[in-house]
Protein chains: 2
Amino acid sequence: MPQPPRRRRSSISDVARLAGVSVGTVSNVLNRPQRVSAATRERVQAAIAELQFVPNGSARQLRVGSVTTAGAIVLDLTNPFFTDVARGMEDRLAQDDWTLMVASSEEAPEREARFRRLFEQHGVQGVALVPSSEDVAPLLALHERGVRVVLLDRPSPVPQLASVAVDDVAGAAMAARHLLAQGHRRLVLLNGPRTILQCADRSAGVVAALTEAGLDPAEALEEVTVTLNAAGGERGAREVLARRTGRGPVAVFCVNDLVALGVLRTLRREGVDVPGEVAVVGYDDVSYAAELTVPLTSVRQPTHDLGWTAADLLVRGGAAESVVFQPELVVRESSGGGAAG
Amino acid sequence: MPQPPRRRRSSISDVARLAGVSVGTVSNVLNRPQRVSAATRERVQAAIAELQFVPNGSARQLRVGSVTTAGAIVLDLTNPFFTDVARGMEDRLAQDDWTLMVASSEEAPEREARFRRLFEQHGVQGVALVPSSEDVAPLLALHERGVRVVLLDRPSPVPQLASVAVDDVAGAAMAARHLLAQGHRRLVLLNGPRTILQCADRSAGVVAALTEAGLDPAEALEEVTVTLNAAGGERGAREVLARRTGRGPVAVFCVNDLVALGVLRTLRREGVDVPGEVAVVGYDDVSYAAELTVPLTSVRQPTHDLGWTAADLLVRGGAAESVVFQPELVVRESSGGGAAG
DNA sequence: AGTCACGGTTGAAACGATTCATGGTCGAGT
DNA sequence: ACTCGACCATGAATCGTTTCAACCGTGACT
């Protein structure tokens, strides 16, 4: 078997030599073809084709400073919410002929830092990221170094950084109010780590709704920390079933739809009736929420717009704006909402 | 509002000046700290911290040649199948401390080409991609230029290129045989464009199964071309319902689960019974296939392993291997399989 | 004939890191 | 006193582009 070929890539000066022109002319053919006479241009282009010349991006970038590329760092690439956001970003970036590179931090601050560094070294114009920790210092530093930064899915805690978010407190409060309206008096919140702001906010929203209804959150709310995926939901559901005291139905509010999916899966396996015995509400309203065995009540976020707007801020790059969208509750069968009203 | 700061990033020579050493020494502190005396090292590190110095990746790369980064280009980032593959790649790459950059071609050859160029210019070691066209010439050229290339989810048509695939002909044949076993004699295949090899192969698999059962594919198979997402499924389903002649139940085989989701959604809206009136089979066995209103029969692929293996080939970079996995049929209610058997 | 403008081309400087041959210092060994 | 290594630090060369001042030849205008 042949060794993988690592023969030296041909450079602009190889092209120049072959075409019998100077390097500057080749560069002009590449970047301002109209400045070059048709004859030379063709000669150079023939040489480029013959040598299979591909400009060295590093060299170009070293000289020019940066490229029209943006990076996105999300918490979990397998969560449809984040891929929809990425899609929104791509749609906006495409308008200005920018490209997007996506990376997944898996909620690990070190991974996030690694990708931040990688993107910065690759000279991206800007980075949109869902922070995996509360510490904004490294992001401010990044911004100071001239890389545009937009916080995704959480409001910026500092005025220097732009952000695009959805009001998580309001969204969670809507969900909790809805469950209270169904007659529930005790809620279980399957939540992620509080270090992720979205999780903290959703918790706060539930607490607000309970308080507003005259209930004592310390009594009425039980919060279980789970991983933000279906496996987490399965574990959470087992926990809920184990702790379930005899009295009455339980309401489970899941921090996202993947968790809710895990919950529904486990409840179905255990033969637990939804919403009769356990009511379930999710968050994000992923595309298949309405098509599940028990259609899932969920809090819809303007996912695509979120990404679109983030990318828009990156491209426009003006002052640091903070945009906040409002979520919307979509009531379906899993919370008993359709019937009870 | 302050203008976005674009003050010059500090360079290695700024650090050298501040620390009172030469640039070579700073570089040594960065890359072989043990070669530098403790005192100087600390002085340099202090300077680095003070200036918030981040090495310029372009310059480094220009000098050194390449970075430990791989790129992946998939057809659709919002399809769970591809994100699972990406996850598998990341898992393997992390072992060697490589990083992954993901891009989505949206099945458009020009977009794919754009990302190929971008990745190459960024100096990635290798690219794993799901080709959006049949033309391997540009991929061979890329390989010639020293970038490792692995074809994802399709076998390589040429010996020079490595590939990791799942046997789509076999998978589709399994699905078709299953539907035939349920008594169906006419199949509708909601397929993507034939230019995508997976689509062509799945069609071939169905044809093979029909022929094998003594049926004439020209008679028994109706193929409808749709987009590879839920919207495509919805359109396909409407098409199927419109064309439906009175006689008997219909079997619909969808090229992937997103399409199947769209089909199920439309059938539910139209009040069509699944699997009684229309049997549905999907492809990919996405995570939520079992939890849908009507649990979906689907062809499972070793998604994670697919990505893992592709990344493994990239990292190891030896001879061009071709790996083929076998798929597996998962029978659920949507095809009537559970009951009729 | 002389001047000017202009399109086309040139070639060297610059970007910021890595590398490596060279040089300097110090202590130990003869 | 002198040599020799060991250990550190130096700084020039290098990677492949882009950019820009300078140059050249031609044709138009005075």
Side-chain angles (χ1 to χ4, degrees), chain A residues 6-45 47-48 51-69 117-118 120-124 145-147, chain B residues 6-45 47-48 51-68 117-118 120-123 145-147:
Chain A
R6 259 294 172 193
R7 81 159 96 113
R8 202 175 66 77
R9 274 167 56 162
S10 42
S11 80
I12 208 173
S13 62
D14 297 329
V15 175
R17 199 172 322 119
L18 180 60
V21 298
S22 75
V23 292
T25 300
V26 178
S27 177
N28 280 333
V29 170
L30 256 28
N31 302 304
R32 304 95 124 183
Q34 70 289 4
R35 297 249 172 113
V36 179
S37 73
T40 351
R41 198 189 319 143
E42 273 164 32
R43 212 142 31 90
V44 170
Q45 267 155 354
I48 289 179
L51 295 175
Q52 295 218 47
F53 168 71
V54 174
N56 180 323
S58 308
R60 154 169 240 287
Q61 198 170 313
L62 173 58
R63 186 62 240 257
V64 171
S66 61
V67 285
T68 53
T69 301
R117 220 174 307 127
L118 184 72
E120 183 178 8
Q121 293 189 357
H122 273 6
V124 299
R145 276 181 250 116
V147 179
Chain B
R6 260 292 172 195
R7 81 159 97 113
R8 203 174 64 78
R9 271 168 59 163
S10 41
S11 80
I12 206 174
S13 62
D14 297 328
V15 174
R17 200 172 322 119
L18 179 59
V21 298
S22 75
V23 291
T25 301
V26 177
S27 176
N28 280 332
V29 170
L30 255 31
N31 302 303
R32 305 96 124 186
Q34 72 287 5
R35 297 250 171 112
V36 179
S37 72
T40 349
R41 198 188 318 144
E42 273 165 33
R43 213 144 30 93
V44 171
Q45 267 155 354
I48 289 180
L51 294 176
Q52 296 219 47
F53 168 70
V54 174
N56 181 323
S58 309
R60 154 169 239 287
Q61 199 170 313
L62 173 58
R63 186 65 237 264
V64 172
S66 63
V67 284
T68 53
R117 219 173 311 126
L118 184 70
E120 181 178 10
Q121 293 189 356
H122 274 4
R145 279 181 247 118
V147 179

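Quick note on labels: first sequence line is chain A, next is B, and so on, each numbered from 1. Being a predicted model, the structure only gives us computed values, none of them experimental. These numbers come from the heavy atoms of this one structure, side chains and all, not from hydrogens, waters or symmetry mates.
- For A:R63 against D:dT18, a side-chain-to-base donor-acceptor contact under 3.5 Å is present.
- A:D14 has its CG atom 8 Å from the P atom of D:dG16, to the nearest Å.
- Rounding to whole angstrom units, CZ of residue A:R35 and P of C:dC6 are separated by 14 Å.
- Applying the 4.0 Å criterion to OP1 and OP2 of C:dG16, one finds that B:S11 has every side-chain N and O outside that range.
- Residue B:V36 has its side chain nearest to D:dA9 when only D:dT18, D:dA9, D:dT17 are considered.
- Phosphate proximity of D:dA9 to B:N28: absent, as no side-chain N or O sits under 4.0 Å from OP1 or OP2.
- Taking 4.0 angstrom as the limit, B:T25 places a side-chain polar atom (N or O) nearer than this to OP1 or OP2 of D:dT10.
- Across all strands, A:T40 comes closer than 4.0 Å only to sugar-phosphate atoms, never to a base (heavy-atom distances).
- Rounded to an integer number of Å, the gap from B:N31 CG to C:dC20 C1' is 14 Å.
- Summarising the geometry, the separation between CG on A:L51 and C1' on D:dG16 is reported as 15 Å, rounded to the nearest angstrom.
- Taking only side-chain nitrogens and oxygens, B:R32 comes nearer than 4.0 Å to OP1 or OP2 of C:dT19.
- What you find for B:E120 and B:V147 is that their closest heavy atoms are CG-CG2, 4.1 Å.
- When the C1' atom of C:dG7 is taken as reference, atom CD of A:Q34 falls 12 Å away, rounded to whole Å.
- Nearest approach of B:S10 to B:L51, heavy atoms of both residues: OG-O, 3.1 Å.
- In this model, the phosphate group of C:dG11 is not approached by any side-chain N or O of A:S22 to a distance below 4.0 Å at OP1 or OP2.
- Two residues are said to be in side-chain contact when any heavy atoms from C-beta on lie closer than 4.5 Å; A:V21 and A:V44 meet this criterion.
- Note that the CD1 atom of A:I12 and the OG1 atom of A:T25 stand 9.5 Å from one another [nearest 0.5 Å].
- Distances were taken from every side-chain heavy atom of B:L62 (C-beta onward) to each of D:dT17, C:dA17, D:dC15; the shortest belongs to D:dC15.
- Here the P atom of nucleotide C:dG11 and the CD1 atom of A:I12 are 14 Å apart, to the nearest Å.
- The side chain of B:A59 lies closest to C:dG16 when the candidates are C:dG16, D:dT18, C:dT9.
- Using a 4.0 Å heavy-atom criterion, one finds that B:R41 contacts no nucleic acid atom at all.
- The side chain of B:R60 contributes an N or O atom lying less than 4.0 Å from OP1 or OP2 of C:dT18.
- Residue A:V21 is classed as a sugar-phosphate contact, given heavy-atom separations below 4.0 Å to backbone atoms only.
- Rounded to whole angstrom, the span from the CZ atom of B:R145 across to the P atom of D:dG16 amounts to 16 Å.
- Contacts of A:S37 with the nucleic acid, taken as non-hydrogen atoms under 4.0 Å apart, involve only primed sugar atoms and P, OP1 or OP2.
- The CZ atom of B:F53 sits 5.5 Å away from atom CG of B:L30, with the distance rounded to the nearest 0.5 Å.
- When rounded to the nearest whole Å, the span between CD of B:Q61 and P of C:dC15 equals 20 Å.
- A distance-only check finds no donor-acceptor pair linking the side chain of B:R41 to the backbone of B:V29 [under 3.5 Å].
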